[in-house]
Amino acid sequence: MRKFIMIALHLVALAAMTKSYAQQLQTSSLYDMQGVLHNPSMAGVQQYNIAGVTYKSQWSGISGAPKTATAFGSFDLPKQKIGIGGFVYNDKTGPTSRTGLQLSLAKHIVMKNDAKFSIGIAPSIMQYSIDRSKLAETLGDDAALGNVDNKIKFDVAFGVSYTDKRFQLGASVSQLVQSKLDYYKGNLLRTEEARFYRHYYFHGNYNWNVDDVTTITPNFLVIWLPNAPTDFQVGVKVEHNKILWWGVGYKSRQSYILSAGVNISKKITLGYAFNDYITPISTFDGGSYGHEFILRYNFIK
């Protein structure tokens with residue numbers, strides 16, 4: 001456990017050397033049900049193997065608002081003491097879109113009482129696209145848009161985690177390579193350049209078995225980029241008899257979250273999350289809600 005804490009602190013120290021400005025990667029109100037979305041070391045450490053899809057729409061009612069579709073999977077190979085997983089996604093916001101694939105490989109170190117310390121790495125490929133026709137009317141032939149519509153970039157993520165029957169802690173970093181994304185075609189001297197900046201994640205949860213049928217799970221996710229405001233999401237999930245579940249949450253400076261779902265025959269999970277945005281757009285602007293759906297299959301005998 002001490003080694004895990006030291007590694008997590010080391011990741012924090014490395015962040016001080018990185019320059020960044022705002023979040024570039026999608027997040028999920030149901031991140032705790034998707035495993036490898038933010039941490040590649042989570043591949044195969046869940047209670048059972050999973051595969052699923054999600055769809056998320058934000059700021060409903062506003063033209064060009066973000067919409068994200070994701071397919072994910074996580075599988076344990078106990079004989080090899082490794083986990084494999086990954087996800088594919090399409091994230092679209094107005095004239096820009098990102099389509100990508102990330103594959104995760106995790107090494108599991110089995111500890112006492114079936115606890116696991118996991119180290120994971122995940123190479124990724126992403127196509128970043130700009131629909132310049134949607135911007136031409138406003139920006140014209142702006143040099144910042146360049147003359148290329150699509151750019152394909154490679155990157156890698158790294159993570160560590162500790163999981164036992166009661167709690168889980170993890171730390172990870174995405175976009176380690178910080179690939180350049182530069183559309184500028186002018187001749188002006190610049191002090192900044194477009195690139196994918198590193199994102200640092202810290203997450204955890206605790207399973208509290210209230211009685212034989214009810215489990216309460218507090219959880220948190222912190223997203224940190226140097227020179228940008230730190231974001232965090234906290235929540236509580238309540239599960240009854242491993243069939244019905246509901247939860248509440250809060251995402252810093254953005255929204256309150258309500259979620260609920262059902263486990264059908266212990267294999268199929270259906271879930272929904274509702275976001276009530278509090279900033280930066282008020283409820284009077286007609287776009288203050290978000291919706292997210294998840295369909296997950298649990299590979300259990």
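Atoms considered below: every heavy atom in the structure, side chains included; atoms not considered: hydrogens, waters and symmetry mates. Residue indices begin at 1 and follow the sequence shown.
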I'd like to know if R253 and D231 make a salt bridge, using a cut-off of under 4.0 Å between side-chain N and carboxylate O.
yes
Geometric class of the Y162/F167 ring pair [parallel <30°, tilted 30-60°, perpendicular >60°]
tilted
May I ask you to check whether F220 and H203 place their ring centers less than 6.0 Å from one another?
no
When you compare the side chains of S118 and S41, does any donor N or O come within less than 3.5 Å of an acceptor on the partner?
no
Residue pair D211 / T214: nearest heavy atoms and the distance that separates them:
OD1-N, 2.8 Å
List in chain and number order the residues that pass ring-ring contact (aromatic ring centres under 6.0 Å, His included) with F232, two or more places apart in sequence or in another chain; answer none if no residue qualifies.
none
Do the two ring centres, one from F299 and one from F75, sit under 6.0 Å apart?
yes
Output every pair passing salt bridge (Lys or Arg N to Asp or Glu O under 4.0 Å) with a member in residues 113-126, not counting sequence neighbours, ordered by first then second residue.
D76-K116
Set of side chain to side chain donor-acceptor pair (under 3.5 Å) partners for T230, sequence neighbours left out:
none
Please report whether the ring centroid of Y256 lies less than 6.0 Å from that of Y250.
yes
When you check the side-chain N and O atoms of N205 and T217, is any donor under 3.5 Å from an acceptor?
no
Would F202 and W224 count as a close aromatic pair, with their ring centres under 6.0 Å?
no
